[in-house]
Peer 1: 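Below is the structure I would like to discuss, written out as structure tokens.
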2 protein chains.
Amino acid sequence: MSKTKPSSLVIVDDHKLLASSLEKLINSFPNFNVLYHVGNGAELQHQLEAHAEIPDIILLDVNMPIMNGYETLTWLTANYPSIKVLALSMDDDEDVILKMLRRGAKGYLLKDIHPDKLEEALIEVVKNGYYHSEKVASTLLQSLHTEREEEQPEFKEKEITFMKLASTEMTYKEIAKEMNLSPKTVDGYRQDVFNKLKVRNRIGMVIYALKHKYVEL
Amino acid sequence: MSKTKPSSLVIVDDHKLLASSLEKLINSFPNFNVLYHVGNGAELQHQLEAHAEIPDIILLDVNMPIMNGYETLTWLTANYPSIKVLALSMDDDEDVILKMLRRGAKGYLLKDIHPDKLEEALIEVVKNGYYHSEKVASTLLQSLHTEREEEQPEFKEKEITFMKLASTEMTYKEIAKEMNLSPKTVDGYRQDVFNKLKVRNRIGMVIYALKHKYVEL
DNA sequence: AGAAGAAACAGGAAAAATCCCTATTTAAAG
DNA sequence: CTTTAAATAGGGATTTTTCCTGTTTCTTCT
């Protein structure tokens, strides 16, 4: 029998089904027990402020309504720095991972991991204070190479208008008419924008515009 | 003691963490036991064809790689019509729900439901053969009002591949090379897809592909 | 007023996309 | 073994996009 006393957990995830079943799963691990689970960061605040019981570890979902993973984590590191937070997320998006780790997460778990990995992660966190899966680790290493994102270019009003219109099925001729400009002028905008974005064609520009919220779906 | 013998389940979900913990949760319900879980439809096929053991109920995730919920369900209703399938999904998108129900799902569960609801759903399915949560039911009712918009068109594998590639900066010539097809064939796909979507040009297609999650940003 | 720089506009041409119609070749069905 | 249907291609024309290089117009500063 191990003589270490079990570590306590709290789960924060809006998918109640996952949260509940995760609770069962973790309780089946030796040396770990889940105190309770909540559906978002705000609820967690309430609980922590009311409850005296502070968990050793928090499993924190990144994508939540009300108060998402970022905010919650920021608040936690500020108010309860001793709690070890493991981020839990669906996607292995580089930026998301980095964001969470920079804000103090002790690890980043993908939701499609094998349960054994979860237990391994929990044990690691208790022992070493952190855990990183191979996949996340490699994503991070890769991000070191991928030259830190060059700053976003600036756009003039007209260029933004153009981008928005170009993100529809209109032809440039129609866009010109819409903007009360010569097609050639619009072509000038196009060229400028392409250069700033370093894209080959209109598709690339549209993708950029969507990614950076200049237009919405 | 209930004298009914327990119903057997199989879980199909690529989120292994959810699948495993869900298994634990369900096994804790009286009268239900999980036989095993798999990560996608293809695996399920293998299992069913090998294993003699046919479950009473299958919990089927909609969004999976390899062989998604639609295909899997179609295959199931064709080959194992006696198995009751409950669709499990993150989003309450009307079209998705309808698609699954039309293909024979006995119910549609959102992943953020309360565990009690899950048990309730399982019990209902065993008793009545179907289950619909209030939320899904209301979504469906609403869809009766919201003038049924024309069905989403169906796409062939190649067309989907094409759409994905066309949602990048590649030219059609490059896409053709990538797909090992003549540019003319690719042009044929383009025309077909344009017609199905009623779009004027590639931009329209890309927007559609993004909206309907054929590609991600 | 005159110079400088930005914004608008244009010519010309190649590449790509779009459209329409037809013809194989292959796979499925009867 | 035909008949059909689907997938694959080709020809050829038009429009649109893309690129490169200029000119004109407007604004602003001194």
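Proteins come first, then strands; the chains are lettered A, B, ... in the order of their sequence lines, and each starts at number 1. Both backbone and side-chain heavy atoms feed into the values below; hydrogens, waters and symmetry mates do not.
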Peer 1: In terms of relative ring orientation, are A:F155 and A:Y208 parallel, tilted or perpendicular, with 30° and 60° separating the classes?
Peer 2: perpendicular
Peer 1: Go through the N and O atoms of the side chain of B:K184 and the base of D:dG12, and report whether any donor-acceptor pair is under 3.5 Å.
Peer 2: yes
Peer 1: Per the atom types in the model, does the base of D:dC19 pair as donor or acceptor with the side chain of A:D187 at under 3.5 Å?
Peer 2: yes
Peer 1: Please write out the pairs of protein N or O atoms and N or O atoms of nucleotides 4-7 of chain D separated by less than 3.5 Å, giving the distance to one decimal.
Peer 2:
from, atom 1, to, atom 2, distance (Å)
D:dA7, OP2, B:K156, NZ, 2.8

Peer 1: Please determine whether a side-chain nitrogen of the Lys or Arg among B:K196 and B:E159 lies less than 4.0 Å from a carboxylate oxygen of the Asp or Glu.
Peer 2: yes
Peer 1: Let me know, please, whether B:R200 or B:G188 comes out on the 5' side of the other along DNA chain D by nearest nucleotide.
Peer 2: B:G188
Peer 1: For A:F194, is the NZ or CZ atom of A:R202 found under 6.0 angstrom from the centre of its six-membered ring and inside 45 degrees of the ring axis?
Peer 2: no
Peer 1: Under 4.0 Å from OP1 or OP2 of D:dG10: is there any side-chain N or O of B:S182 that close?
Peer 2: yes
Peer 1: Return the nearest nucleotide to the side chain of A:Y172; candidates are C:dT18, D:dT18, C:dA17.
Peer 2: D:dT18
Peer 1: Regarding B:D61 and B:K111, does a basic nitrogen lie under 4.0 Å from an acidic carboxylate oxygen?
Peer 2: yes
Peer 1: Report which part of the nucleic acid B:N201 touches: base, sugar-phosphate, or nothing (heavy-atom distance under 4.0 Å, all strands).
Peer 2: sugar-phosphate
Peer 1: Within less than 4.0 Å of OP1 or OP2 of D:dC19, is there a side-chain N or O belonging to A:R190?
Peer 2: yes
Peer 1: Assign the ring pair B:F32 / B:F29 to parallel, tilted or perpendicular, where the plane angle (0 to 90°) is split at 30° and 60°.
Peer 2: perpendicular
Peer 1: For A:Y70, is the NZ or CZ atom of A:R102 found under 6.0 angstrom from the centre of its six-membered ring and inside 45 degrees of the ring axis?
Peer 2: no
